[in-house]
J.: 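I have a structure here, written as structure tokens, and I will follow up with some questions on it.
Below, each value reflects all heavy atoms present in this structure, side chains not excepted, and no hydrogens, waters or symmetry copies.
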Amino acid sequence: MQASTHLIRGNLGFELSKRRVLPCFGEVRERNLSLNRNLCIQSGSICSGLSSGAVSMGAELARARNVIQTVVRSSVKSRSVKAQASGGDAEDLTPINPQGKSSGTVLPFVGVACLGAILFGYHLGVVNGALEYLSKDLGIAENTVLQGWVVSTLLAGATVGSFTGGALADKFGRTKTFQLDAIPLIIGAVLTATAQTVQTMIIGRLLAGIGIGISSAIVPLYISEISPTEIRGALGSVNQLFICIGILAALVAGLPLAGNPLWWRTMFGVAAVPSILLALGMAFSPESPRWLFQQGKIPEAEKSIRTLYGKERVAEVMYELRTAGQGSTEQEAGWFDLFSSRYWKVVSVGAALFLFQQLGGINAVVYYSTAVFRSAGIASDVAASALVGASNVFGTAIASSLMDRQGRKSLLITSFAGMAASMLLLSLSFTWKVLAPYSGTLAVIGTVLYVLSFSLGAGPVPALLLPEIFASRIRAKAVALSLGMHWISNFVIGLYFLSVVNKFGISSVYLGFAGVCLLAVLYIASNVVETKGRSLEEIELALNPTT
């Protein structure tokens, strides 16, 4: 009777164990015993006498052990994750492997999020061709200081927005933050399109900047958290691809300006359309399962996983979230936690990547390529800038296909090396007298090569890599801090680039950019960890083994 009671309990234990994901092999062993008890009943063994029960149980235990070992071998694959950023220590993880490819339902939601990336690029690039015409219309054609403020106010707002975006994403969730973000984006577009004074234009640019600053923080964050591991690199680089598409759209939108000087108002006004679509699309998009898990909203997290990947992957993803354990064991990090010894090394890598990205000269090219081509004697300067934008899109599309094959680190090194060589070519084209007859052609070639190099790694990788290397409890704030560095350096370049060029010459400035790119290559080789093919939870445990 006592044995029968144990068997009934064992059967119930097995039924319960089937309904949950096993977080460790200790529980696999417990499930093994429960399974043996259940098999004993199913095989028809009487198990009522102690001696006969022991023989039967022994035979069934041997059979069941073989079954369990087969199941374990087929469903669990041990991987060693080398944590280069934490001194070369390795963490052995045993996650449940995906049982099939992603169903693809994640793609529409990535597309909705990328509307924020399009707006990011569009607002950055729209002033390139329009600055001359809006300056005449607003009466600041002779005031380069105010022109610099029209350009740079967007970046000042983006700095504020990038820090705000992290806090909002932690408090309200990713999708609701997108919807809140649409408010300054819409108002900013309307104000800049209808501005009759430079003050109104600056206020509109400030609001639009706050909007794209928030977008810059939450678009890569949201995409990385909802993307399946096996295609996270490709989907993450789509963020940069759509930024490039936004920049290209802004440059192409400037082509009618020569025939219609007031066209600049339409250029600024159309930015309200994707802002509205972003707010509407996020109303139907699932929240990040990782954020929901951190908030203790387990049923909502499982529902989100079903929507994104299909019900067959719920157990796998929930296993990874429980393995990381951050949502249930620790509260969200505060800002000062980012500077603690536990996190500062990895946070400093994120900030440094964006600092190198901006000081490498990309936005000087984006903002002022039209003026540079004009000074080099290019007949159609706006068309040349549009060519630059097209090169950016082309290079980023190539990077998307390479991200999960070549890896993040190798693309970064190749990219910054190519940027350094291109900037050196540009510098020499403006300095060497022997190249003077070809300076215009070399200006276009060097700029196109520079943008292609940038788009292969320095552009898409930092925004993808940061959400991957940051622990879940600091992820939103650490991404925001790194992007704050991005926007601060961006603001300084936008505000002072023309003044520095006037003082030192374009050749010296480009030579400085080349030097920064070479320093970036050395820094990346020593400090950046490779993340391709690893889940966010694996990377987190490897880089933060004490969590």
J.: Provide the closest heavy-atom pair for Ala478 versus Val347 in the form atom of the first, atom of the second, distance.
T.: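 Heavy atoms only, the tightest pair is CB-CG2, 4.2 Å.
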J.: Could you tell me if Ser288 and Glu225 have a donor-acceptor pair between their side chains, going purely by distance under 3.5 Å?
T.: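 A donor-acceptor contact under 3.5 Å links the two side chains.
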J.: Hey, are the side chains of Ile210 and Thr164 touching, using non-hydrogen atoms and a 4.5 Å cut-off?
T.: no
J.: Using modelled atom types only, decide if a donor and an acceptor are shared between the side chain of Glu300 and the backbone of Leu292 within a distance under 3.5 Å.
T.: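 No: the side chain of Glu300 does not pair with the backbone of Leu292.
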J.: Can any side-chain N or O of Tyr309 pair as donor or acceptor with the backbone N or O of Val317 at less than 3.5 Å?
T.: no
J.: Taking the side chain as everything from C-beta on, heavy atoms only, tell me whether Leu452 gets closer than 4.5 Å to Phe394.
T.: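 Heavy-atom side-chain distance check passes, below 4.5 Å.
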J.: Does Leu155 form a side chain to side chain contact (heavy atoms under 4.5 Å, CB included) with Leu124? I'd like the steps, not just the answer.
T.: CA-CA 9 Å; Leu155 310 177; Leu124 284 178; 3.9 Å; yes
J.: Can you find a heavy atom in the side chain of Phe470 that is under 4.5 Å from one in the side chain of Ser482?
T.: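 Result yes, sub-4.5 Å side-chain heavy-atom pair found.
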J.: Do you know the tightest heavy-atom contact between Ser455 and Gly395?
T.: OG-CA, 3.0 Å
J.: Just by distance, do the side chain of Thr177 and the backbone of Leu168 share a donor-acceptor pair under 3.5 Å?
T.: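 The answer is yes, because a donor-acceptor pair under 3.5 Å joins these two groups.
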J.: I'd like to know whether the aromatic ring centres of Tyr222 and Phe178 sit less than 6.0 Å apart in this structure.
T.: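 Between Phe178 and Tyr222, which both carry aromatic rings, the centre distance is below 6.0 Å.
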J.: Give the C-alpha distance, both sets of side-chain angles, the deciding distance and a yes or no for side chain to side chain contact (heavy atoms under 4.5 Å, CB included) between Phe120 and Asn239.
T.: CA-CA 10 Å; Phe120 181 144; Asn239 170 55; over 6 Å; no
J.: To the nearest 0.5 angstrom, please state how far the CG atom of Leu119 sits from the CG atom of Leu278.
T.: 7.0 Å
J.: Can any side-chain N or O of Lys409 pair as donor or acceptor with the backbone N or O of Val528 at less than 3.5 Å?
T.: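 It does hold such a pair.
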J.: Salt bridge or not between Arg313 and Glu316? Use side-chain N to carboxylate O under 4.0 Å.
T.: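 Looking at Glu316 together with Arg313, the answer is yes, because their closest N to O distance falls below 4.0 Å.
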J.: So which atom in Gly165 and which in Ile218 form the shortest heavy-atom distance, rounded to 0.1 Å?
T.: O-CG2, 3.9 Å
J.: Under the side chain to side chain contact (heavy atoms under 4.5 Å, CB included) criterion, do Cys114 and Ile223 qualify, and how do the steps go?
T.: CA-CA 9 Å; Cys114 283; Ile223 292 176; 3.9 Å; yes
J.: Do Phe109 and Met282 have side chains that approach each other closer than 4.5 Å (heavy atoms only, starting at C-beta)?
T.: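 Contact flag for Phe109/Met282 side chains = no.
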J.: Using atom types as modelled and distance alone, determine if a side-chain donor or acceptor of Trp344 lies under 3.5 Å from a backbone N or O of Leu338.
T.: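 No; judged by distance alone, with no hydrogens or angles, the pair does not exist.
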J.: Heavy-atom distance under 4.5 Å between the side chains of Pro462 and Leu412, does that happen here?
T.: yes
J.: Using side-chain heavy atoms (C-beta onward) and a distance below 4.5 Å, is Lys477 in contact with Leu481?
T.: no
J.: Report the relative orientation of the aromatic rings in Phe356 and Tyr523; use parallel for angles under 30°, tilted for 30 to 60°, perpendicular for over 60°.
T.: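 Because their plane-to-plane angle lies in the 30° to 60° range, the rings of Phe356 and Tyr523 count as tilted.
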J.: Between the main-chain N or O of Thr307 and the side-chain N or O of Thr105, is there a donor-acceptor pair closer than 3.5 Å?
T.: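 Yes, Thr105 side chain to Thr307 backbone: donor-acceptor pair under 3.5 Å.
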J.: Can you see which heavy atom on Met267 is nearest to which on Ala250, and at what distance?
T.: CE-O, 3.9 Å
J.: Atom CG in Leu221, atom OG in Ser216: separation rounded to 0.5 Å?
T.: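 Going from the CG atom of Leu221 to the OG atom of Ser216 covers 11.0 Å.
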J.: Counting only N and O atoms by type, is there a donor-acceptor contact under 3.5 Å from the side chain of Ser162 to the main-chain atoms of Thr159?
T.: yes
J.: Mind listing the closest non-hydrogen atom pair of Ile186 and Ser275 along with its distance?
T.: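 Smallest heavy-atom distance, with atoms named: CG1-CB, 3.5 Å.
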J.: What's the shortest heavy-atom distance between Val479 and Ala217, and which atoms?
T.: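 Reported closest heavy-atom pair: CG1-O, 3.6 Å.
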J.: Is Leu154 close to Leu206 at the side-chain level, that is, under 4.5 Å between some pair of heavy atoms?
T.: no
J.: Supply the atom-to-atom distance Ile524 CD1 to Leu353 CG, rounded to the nearest 0.5 angstrom.
T.: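 Output value for this atom pair is 6.0 Å.
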J.: Can you tell me how far apart CG (Leu115) and CD1 (Ile118) are? Round to the nearest 0.5 Å.
T.: 5.5 Å
J.: Does Thr175 reach the main-chain N or O of Ser285 with its side chain, forming a donor-acceptor pair under 3.5 Å?
T.: no
J.: Is there a donor-acceptor pair under 3.5 Å between the side chain of Arg174 and the backbone N or O of Glu287?
T.: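 Side chain of Arg174 to backbone of Glu287, a donor-acceptor pair under 3.5 Å: no, none is there.
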J.: Does Arg205 reach the main-chain N or O of His123 with its side chain, forming a donor-acceptor pair under 3.5 Å?
T.: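 Between the backbone of His123 and the side chain of Arg205 there is a qualifying donor-acceptor contact (under 3.5 Å).
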J.: Any heavy-atom pair between the side chains of Phe172 and Gln179 that's under 4.5 Å?
T.: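 Side-chain contact under 4.5 Å: no.
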J.: Measuring from atom CG of Leu411 to atom CZ of Phe416, what distance do you get when rounded to the nearest 0.5 angstrom?
T.: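 Result: 12.0 Å between the selected atoms.
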J.: Quick one: pull up OH in Tyr122 and CG in Leu251 and give me the separation to the nearest 0.5 Å.
T.: 10.0 Å
